[in-house]
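Values below: all heavy atoms of this structure, side chains included; hydrogens, waters and symmetry mates excluded. None of the values given here were measured: they were computed from a predicted structure.
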Amino acid sequence: MTTFRPARATDEELPRLVGGREAAPPEWEEWSEEPGHDLVADEGGRIVGGIHVSITGRTEAWMENLRVLADFQGRGIASQLVREAEHLAIHYGAAKVRTAVPAHDYAALAVAQRGGYYRVLQCAVVETAITADPRHVPYDAPVEIPSELSAAEVTAFAAATGTLAGWDQLLPLGWRFRRMVPELVRGLINDKRALVAVRPDAIRPGARGRWQADDFQGIALFAERKPAVVLSVLDGSSPAMQALYGTVTERSSRQDVTRAVFFVPSAAAVAPLRVTDWLPHPWCPDGLVVVEKSVAA
C-alpha cells in the first residue's frame, strides 16, 4: 500500500534522474529563493516518489522536482503526489499553484493539462560564459542602483516592459516564477539585485536614487548564484540593455562568477546585447513552459 506523507530526514533521497528524465535542473536547489516542503510516496517503507512544494507568496505556491521510480510508474502515484502538494499549498493560503516543464517534455505537459493546469507563458533559458574583462559590451547609458524610495517607480517601469507584460507580470527568481508585486521589487532593491539605466537628461542634482518611472530606459533584476549570475529580467532600449548587461557581468566577474544565465521571452531577445555565443540551457533546450492552476475554494 502506498502512503503519502511529509519527508523525514531519515528518508532515502530519490535521484534527480528517474527513468531517463531529469525531474529538475542541476541548479534547482542552489537557485531556490525560499524553503519548501518535500512530500514522498512510501511503499512499505521504501520511498518510491516525491515532490517539492514552496510557498512563494501570500496566495501563490510552486511545485517542482516531481519524480516516481520507474518500476512504480503508471499507478497514479505522480497524480496523487500533485494532489497532496496542492492540498498543502491550500493549507498555507495559496490560491494559485504553478510549475514549469521543459517545452520538449510533451508527456509531462499532457499530465499537467489533465490535472487542470493551463499554460500561462513560455520562455527561453540561455547561458554564456563571462570573462573578467567584458569590454566587448558598449556602455551607452548611465546605470544606477535604485533606492527603496523609488521602489514603486521601478515596479511600474518593470511592469510595463515587454518581458513582464508578456509573462502576465510573473517574475522568475531561480527556476520559480511568481507574481511581481511592489514588496518583491523592494526586497530585490534592498538586496542590491536591481539596476536601472537612466536617461542622461534625467540625472539631476539631488535626485540621485529617487527617480520617476519615465526617467528609466532599462532595468535588470538578477541574482548571483555562484558560479552563475541569473538574469531574471533585462529589458529596455538596446543601449540600456547593453549597459546593464555589461555592469552586471563586470560586477559578477569580480565575485568568481563565470557564467550568465538569462530568462528571456525568446532566444531572439538577446540580440541587442551583441553577444553571440548564447547556448540553450540543457534542461530545457527548447524553452520552458509555465503552467498554472487555481486551487481557491
Side-chain angles (χ1 to χ4, degrees), residues 15-33 51-54 56 60-68 70 73 78-79 81-82 85-86 96-128 161-180 221-223 225 228 230-235 259-273 275-294:
R16 185 171 56 89
L17 186 67
V18 176
R21 297 167 67 182
E22 291 182 297
E27 313 94 344
W28 165 68
E29 189 170 1
E30 288 80 3
W31 291 5
S32 295
E33 296 268 335
I51 194 170
H52 184 89
V53 57
S54 290
T56 54
E60 300 173 279
W62 185 268
M63 294 188 306
E64 59 207 345
N65 221 7
L66 172 65
R67 64 264 195 235
V68 176
Q73 292 177 8
S79 297
L81 281 166
V82 170
E86 290 172 352
K96 297 278 188 183
V97 179
R98 301 185 187 96
T99 191
V101 181
H104 67 273
D105 196 341
Y106 302 113
L109 289 169
V111 170
Q113 186 176 21
R114 289 197 297 270
Y117 288 79
Y118 64 93
R119 182 187 303 238
V120 291
L121 68 91
Q122 182 165 348
C123 70
V125 186
V126 296
E127 57 185 2
T128 190
T161 62
T163 297
L164 285 166
W167 287 349
D168 194 27
Q169 305 304 317
L170 294 177
L171 175 68
L173 294 181
W175 290 98
R176 301 169 184 163
F177 283 72
R178 68 211 65 193
R179 184 72 55 191
M180 190 187 68
L221 303 176
F222 59 94
R225 297 284 184 255
V230 184
L231 290 129
S232 301
V233 172
L234 178 61
D235 205 335
R259 183 168 61 116
V261 183
F262 195 180
F263 286 76
V264 286
S266 69
V270 297
L273 299 180
V275 178
T276 59
D277 52 350
W278 294 95
L279 297 173
H281 191 282
W283 189 63
C284 51
D286 299 314
L288 193 69
V289 175
V290 176
V291 295
E292 177 181 285
K293 180 181 180 179
S294 174

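Under a 3.5 Å cut-off, the side chain of Thr128 and the backbone N or O of Asp277 do form a donor-acceptor pair. Within the 3.5 Å criterion, the main-chain N or O of Ala267 finds no donor-acceptor partner in the side chain of Trp278. At least one donor-acceptor pair under 3.5 Å links the side chain of Gln73 to the backbone N or O of Val68. Checked by atom type and distance alone, the side chain of Asp235 never pairs as donor or acceptor with a backbone atom of Thr161 at under 3.5 Å.
When side chains are defined from C-beta on, Val275 does not count as touching Val270, because their heavy atoms never get closer than 4.5 Å. The side-chain heavy atoms of Trp62 and Arg178, taken from C-beta on, include no pair separated by under 4.5 Å. The side-chain heavy atoms of Leu170 and Arg98, taken from C-beta on, include a pair separated by under 4.5 Å. Counting heavy atoms from C-beta on, the side chains of Pro26 and Arg16 come closer than 4.5 Å. Using a 4.5 Å heavy-atom threshold, the side chains of Trp175 and Val125 count as touching. Residues His52 and Trp28 have side chains in contact (heavy-atom distance under 4.5 Å, counting atoms from C-beta outward). In this structure the side chain of Met63 reaches within 4.5 angstrom of the side chain of Tyr117, judged on heavy atoms. Side chains of Pro25 and Glu30 form no contact here, defined as non-hydrogen atoms less than 4.5 Å apart.
For the residue pair Leu231 and Ala260, the shortest heavy atom distance occurs at CD1-CB, 4.4 Å. Smallest separation of non-hydrogen atoms from Ala61 and Val53: CB-CG2, 4.4 Å. Scanning all heavy atoms of the two residues, the minimum distance from Pro280 to Pro285 falls at CB-O, 3.5 Å. Here the closest non-hydrogen pair linking Asp286 and His104 is OD2-CB, 3.4 Å.
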Glu33/Ser54 under side-chain contact (heavy atoms from CB on, under 4.5 Å): CA gap, chis, key distance, verdict = CA-CA 10 Å; Glu33 296 268 335; Ser54 290; over 6 Å; no
Under the side-chain contact (heavy atoms from CB on, under 4.5 Å) rule, what do Arg259 and Arg225 come out as? Steps first, then yes or no, please.
-> CA-CA 10 Å; Arg259 183 168 61 116; Arg225 297 284 184 255; over 6 Å; no
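Tyr118 and Glu292 form a side-chain donor-acceptor contact under 3.5 Å, judged by distance and modelled atom types alone. Under the 3.5 Å distance criterion, with hydrogens and angles disregarded, no donor-acceptor pair is assigned to the side chains of Thr56 and Arg179.
A side chain to side chain contact (heavy atoms under 4.5 Å, CB included) with Ser232 holds for exactly one of Leu164, Thr163, Val261, Leu171; it is Leu171.
Taking a 6.0 Å sphere around CD of Glu29, one finds it holds 12 or fewer heavy atoms contributed by other residues, nucleotides or ligands.
To the nearest 0.5 angstrom, Asp168 atom CG is 8.0 Å from Leu121 atom CG. The distance from atom CD of Glu127 to atom NE2 of His281, rounded to the nearest 0.5 Å, is 5.0 Å.
Salt-bridge annotation for Glu86 and Lys293: present, with a side-chain N of the basic residue lying under 4.0 Å from a carboxylate O of the acidic one.
Between Trp167 and Phe177, the ring-plane angle classifies as perpendicular under the 30° and 60° cut-offs.
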